[in-house]
Asker: 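My questions will all concern the structure given below.
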Amino acid sequence: KITIDLQNKTQAEKGIIEKYWFENEHIGLENTLFHKIEIPLKPFDSGLEYEQQPLETCLLIDFLKLDLQNPNELDGLNIKTGNGFNEDTSIYVGNAHNPFDINILRFEKTGKFIYAIKGEIEILFEHEMVAKNELFRFETTVEFKEN
């Protein structure tokens, strides 16, 4: 299996966070407040011949249900997969949505609606048989888009 090697090929760019309400009566989900985080990656060569290069993709964390006093205030928030968070994570590489586990995603407020984040994720490329799993550490800023 090949290694994509995101750590040496790309970096996280400025992202966005949004919040939204969603319900689905067919699965018994009442109207619930979720957050969505989208962090673009600097275009890079994935090393996969069947994919257009450079690859443009992003880290996507969706259906993130946060138990916050104020859903607009994320300062000091630490997210880790498996700690009661039920989210949908993916990075599109190799023509597949590859899930990832969040080891840490730490938010620090640096301005009105602006957060510096530090993250470490394990991308499960083996899940879709694209490449070897790999760790990716990043730092960037995200803007909270109030809607």
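These numbers come from a predicted model, not from an experiment.
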Asker: Among all residues two or more places apart in sequence or in another chain, which pass the ring-ring contact (aromatic ring centres under 6.0 Å, His included) test with Phe22?
Answerer: Phe63
Asker: Counting only heavy atoms not in Lys1, do more than 12 fall under 6.0 Å of its NZ?
Answerer: yes
Asker: Quick one: side-chain hydrogen bond (donor to acceptor under 3.5 Å, both in side chains) partners of Asn72, sequence neighbours excluded?
Answerer: Lys19, Glu146
Asker: Taking atom NZ of Lys118 as the centre, report whether more than 12 heavy atoms of other residues, nucleotides or ligands fall under 6.0 Å from it.
Answerer: no
Asker: Of all heavy-atom pairs between Leu41 and Ala12, which one has the smallest distance, and what is that distance?
Answerer: CD2-CA, 3.9 Å
Asker: Filter on salt bridge (charged side-chain N to carboxylate O under 4.0 Å, His left out), then keep only pairs touching residues 31-49, sequence neighbours left out; what's left?
Answerer: none
Asker: Working to the nearest 0.5 Å, report the span between OG1 of Thr57 and CG of Leu59.
Answerer: 7.5 Å
Asker: Pro54: which residues meet the side chain to side chain contact (heavy atoms under 4.5 Å, CB included) condition with it, sequence neighbours left out?
Answerer: Pro43
Asker: State plainly whether one hydrophobic cluster holds both Ile27 and Leu33, where clusters connect Ile, Leu, Val, Met, Phe, Trp and Tyr through side-chain heavy atoms under 4.5 angstrom apart.
Answerer: no
Asker: Kindly indicate whether the side chain of Leu74, heavy atoms from C-beta on, has any atom under 4.5 Å from the side chain of Val142.
Answerer: no
Asker: Step through the shown structure and confirm whether more than 12 heavy atoms of other residues, nucleotides or ligands are within 6.0 Å of CD on Glu56.
Answerer: no
Asker: Closer than 3.5 angstrom, by distance alone: can the side chain of Asn98 be matched with the main-chain N or O of Ala96 as a donor-acceptor pair?
Answerer: yes
Asker: Going by side chain to side chain contact (heavy atoms under 4.5 Å, CB included), name the residues that satisfy it together with Asp75, two or more places apart in sequence or in a different chain.
Answerer: Glu73, Glu108, Lys109, Tyr115
Asker: Residues two or more places apart in sequence or in another chain: which of them pass side-chain hydrogen bond (donor to acceptor under 3.5 Å, both in side chains) with Asn95?
Answerer: none
Asker: Quick one: side-chain hydrogen bond (donor to acceptor under 3.5 Å, both in side chains) partners of Gln7, sequence neighbours excluded?
Answerer: none
Asker: Side chains of Ile17 and Phe113, heavy atoms from C-beta outward: is any pair under 4.5 Å?
Answerer: no
Asker: With clusters defined by side-chain heavy atoms of hydrophobic residues (ILVMFWY) lying less than 4.5 Å apart, directly or transitively, does Leu124 cluster with Ile79?
Answerer: no
Asker: side-chain contact (heavy atoms from CB on, under 4.5 Å), that's the test. Do Leu105 and Ile37 meet it? Break it down for me.
Answerer: CA-CA 11 Å; Leu105 197 58; Ile37 304 168; 4.2 Å; yes
Asker: Does the side chain of Ile117 reach to within under 4.5 Å of the side chain of Ile39, using non-hydrogen atoms?
Answerer: yes
Asker: Please evaluate residues Asn103 and Leu135 with respect to the criterion side-chain contact (heavy atoms from CB on, under 4.5 Å), reporting the C-alpha separation (whole Å), side-chain torsions for both, the decisive distance (0.1 Å), and the verdict.
Answerer: CA-CA 9 Å; Asn103 294 339; Leu135 277 179; 3.4 Å; yes
Asker: To the closest 0.5 Å, what do you measure between CG (Leu77) and CG (Leu68)?
Answerer: 6.0 Å
Asker: Could you grab the distance from atom CZ of Phe144 to atom CD1 of Ile114, nearest 0.5 Å is fine?
Answerer: 11.5 Å
Asker: SG/Cys58 to CD/Glu13 distance, rounded to the nearest 0.5 angstrom?
Answerer: 11.0 Å
Asker: Is there any side-chain hydrogen bond (donor to acceptor under 3.5 Å, both in side chains) pair reaching into residues 121-144, and which pairs are they, with sequence neighbours excluded?
Answerer: Glu120-Arg137
Asker: Does one hydrophobic cluster hold both Leu29 and Trp21, with members joined at side-chain heavy-atom distances below 4.5 Å?
Answerer: no
Asker: Compare all side-chain heavy atoms of Thr89 with those of Leu64 and state whether any distance is below 4.5 angstrom.
Answerer: no
Asker: State yes or no: do Val93 and Ile102 share one hydrophobic cluster built from I, L, V, M, F, W and Y residues joined by side-chain heavy-atom distances below 4.5 Å, directly or via other members?
Answerer: yes
Asker: Indicate the atoms forming the closest heavy-atom contact of Gly47 with Ile2, along with that distance.
Answerer: O-CD1, 4.2 Å
Asker: Do Phe34 and Asp88 come close enough that some side-chain heavy atom pair is under 4.5 Å?
Answerer: no
Asker: Among the clusters formed by ILVMFWY side chains lying less than 4.5 Å apart, do Tyr92 and Val130 turn up in the same one?
Answerer: no
Asker: Are any side-chain N or O atoms of Gln53 and backbone N or O atoms of Glu51, one a donor and one an acceptor, separated by less than 3.5 Å?
Answerer: yes
Asker: Taking it one step at a time, do Ile91 and Leu6 satisfy side-chain contact (heavy atoms from CB on, under 4.5 Å)?
Answerer: CA-CA 11 Å; Ile91 176 172; Leu6 289 175; 3.9 Å; yes
Asker: In the structure I gave you, are the side-chain heavy atoms of Leu48 and Leu55 within less than 4.5 Å of one another anywhere?
Answerer: no
Asker: Can you name the ring-ring contact (aromatic ring centres under 6.0 Å, His included) partners of Phe136, sequence neighbours left out?
Answerer: Phe138
Asker: Does the side chain of Thr81 come within less than 4.5 Å of Phe100's, by heavy atoms?
Answerer: no
Asker: Is the shortest side-chain heavy-atom distance between Ile4 and Phe44 below 4.5 Å?
Answerer: yes
